[in-house]
Peer 1: 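My structure is below; once you've seen it, I'll send some questions.
As the structure is a prediction and not an experimental result, all values here were calculated from the model.
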Amino acid sequence: MPRRAAAVALAFAALGAGAPRAEPIEATYALSQTGITVMDVQLSIDLSDDRYRVASLSRSRGIGRFFLPREQRAEAVGGLAGRDVQPFRYMSEGEWRGGPRRTVLEYLGGAPRLALLEPTEDPDRIPVPPEQRDGTIDTLSALVRLARNASATGRCDMAGAVFDGRRRVEWNSRTIGTGAPPIPGLTGEALRCRLESRLVAGFRRGDDPAQAGRPREADAWIAVLRAGAPPMPLRVEFPSTILGAMRLDLVRLGPSGP
C-alpha cells in the first residue's frame, strides 16, 4: 500500500549510515511513481565510534498529497557495538487519514517498550502481542545494521525482524552484485542489494494473512560517493500495489546544518 511503500523508502534511506564519521551529513532524495515525483525526503546521519542518530523528514508533493502523508518525521538513536546496533529510542510522527499519528519505542534489555502510541487503538488492525515484539528493533536501526555490515564486508547478506509499534515485519537481504552506478554522471562501482520483507503480525482485520503476508522485494544500489563519506543509497526501487513501481533517487549529498 502507498503508506507502507513510503515507509520502506524512508527506511532504506538509512542505508547511508554505513561507516563512522566525525561530522553528520545530510542527503536529499526524490521519491517518484511512474516517473512523477510524489515526495521529497531529507535524511540526517550522525555517527560516532559508539553511538548513532538517524533522522528523516519527508514531505509529499503534487499528486502524492492525495495518497501519502503530508509530512512525516522519524528518528532512531542507539549504540554501536562492532557491526551490530543497540537501539535506545525510536520516534515517528505525522498525519494519516486526517488524524495525528505518533509512536515512541524505548528499548529495555533489548526488548522494545511502547512508551507512546497515538492513537492507542487501531480498530482496523490486530495488535502485535508482546511476545512477538521480542527480538525486534526499529526500521531505521535495522538499516544502520545492514549498512555497517555492507561497509565492513562488501556484501549485504543478513536477516532480522522489525517492529514499528503496530506491525512486525521479518526481512532478509542478499547480495546481487556490483556494477556501474545507476545514476548518470557517477563513476566507480555500486553494490546492489535485494531486500525481501514479510508482514508476520499486525494484520488488518479482514485481510487474508497469506495474501497480506506475501514477500515483497526492493532493490537498492549503494556506493561511497566521496572520500570520508559513508556508503549512501543511490537508488531504491520497490513495487507498489497501485499505480506502478516506486523509486527513490539521491539528488543531493552535503553536510548537515546551515
Side-chain angles (χ1 to χ4, degrees), residues 1-17 24 26-29 31 38-46 51-61 64-65 67-79 85-108 111-122 124-125 127-128 130 132-133 136-147 160-171 195 197 199 201-204 216 218 233 236 238 246 248 256:
M1 63 185 64
R3 183 172 181 269
R4 184 180 179 192
V8 171
L10 294 174
F12 255 109
L15 277 168
E26 186 175 278
T28 302
Y29 293 85
L31 178 66
V38 294
M39 177 175 280
D40 298 312
V41 180
Q42 289 184 316
L43 179 76
S44 175
I45 305 165
D46 191 359
R51 293 178 69 91
Y52 67 90
R53 175 184 174 274
V54 181
S56 64
L57 170 63
S58 65
R59 292 189 176 99
S60 58
R61 62 167 160 141
R65 293 173 180 161
F67 60 91
L68 293 170
R70 290 294 182 101
E71 182 173 297
Q72 189 169 6
R73 299 174 182 269
E75 180 184 82
V77 178
V85 298
Q86 299 171 339
F88 301 151
R89 187 176 186 272
Y90 170 78
M91 179 279 296
S92 68
E93 61 182 4
E95 185 175 317
W96 181 243
R97 295 180 178 176
R101 284 211 170 196
R102 192 173 184 215
T103 301
V104 177
L105 294 173
E106 295 176 345
Y107 293 82
L108 303 172
R113 181 182 71 88
L114 272 170
L116 178 65
L117 187 66
E118 183 182 40
T120 56
E121 297 293 334
D122 190 340
D124 296 331
R125 194 175 295 277
V128 178
Q132 291 202 46
R133 303 173 191 173
T136 65
I137 59 178
D138 66 86
T139 308
L140 293 178
S141 295
L143 270 298
V144 173
R145 175 175 170 253
L146 173 61
V162 298
F163 173 62
D164 67 358
R166 299 183 187 273
R167 298 166 298 181
R168 175 188 169 112
V169 174
E170 295 182 354
W171 62 271
L195 178 78
S197 62
L199 179 67
F203 294 102
R204 290 191 178 277
R216 299 174 184 268
V236 183
F238 46 95
M246 302 186 79
L248 187 76
S256 178

Peer 1: Quick one: CD on Glu75 to CZ on Arg89, what's the gap to the nearest 0.5 Å?
Peer 2: 7.0 Å
Peer 1: What distance do Arg125 atom CZ and Arg167 atom CZ have between them, rounded to the nearest 0.5 Å?
Peer 2: 5.5 Å
Peer 1: Roughly how far, to the nearest 0.5 Å, is CG of Asp164 from OH of Tyr90?
Peer 2: 6.5 Å
Peer 1: Give the minimum heavy-atom separation between Ser197 and Val169, together with the two atoms involved.
Peer 2: CB-CG1, 3.7 Å
Peer 1: What distance separates Asp138 CG from Met91 CE, expressed to the nearest 0.5 Å?
Peer 2: 11.5 Å
Peer 1: With Arg61, which residues qualify under side chain to side chain contact (heavy atoms under 4.5 Å, CB included), at least two apart?
Peer 2: Thr37, Asp40, Arg65
Peer 1: About how many Å separate CZ of Arg133 and CZ of Arg168, when rounded to the nearest 0.5 Å?
Peer 2: 11.5 Å
Peer 1: About how many Å separate CZ of Arg73 and CD of Gln42, when rounded to the nearest 0.5 Å?
Peer 2: 9.5 Å
Peer 1: Considering non-hydrogen atoms only, spot the tightest contact between Leu105 and Phe163 and give its length.
Peer 2: CD1-O, 3.4 Å
Peer 1: Mind listing the closest non-hydrogen atom pair of Trp171 and Ala161 along with its distance?
Peer 2: NE1-N, 3.7 Å
Peer 1: Provide the closest heavy-atom pair for Arg101 versus Pro119 in the form atom of the first, atom of the second, distance.
Peer 2: CG-CD, 4.1 Å
Peer 1: Go through the structure and list residues passing side-chain hydrogen bond (donor to acceptor under 3.5 Å, both in side chains) with Tyr52, not counting sequence neighbours.
Peer 2: Ser141
Peer 1: May I ask you to check whether over 12 heavy atoms, not counting those of Arg51, lie within 6.0 Å of atom CZ?
Peer 2: no
Peer 1: Do you know which two heavy atoms are closest between Val128 and Arg166, and how far apart they sit?
Peer 2: CG2-O, 3.4 Å
Peer 1: Which atoms form the tightest heavy-atom contact between Ala142 and Val162, and what is the distance?
Peer 2: CB-CG1, 3.6 Å
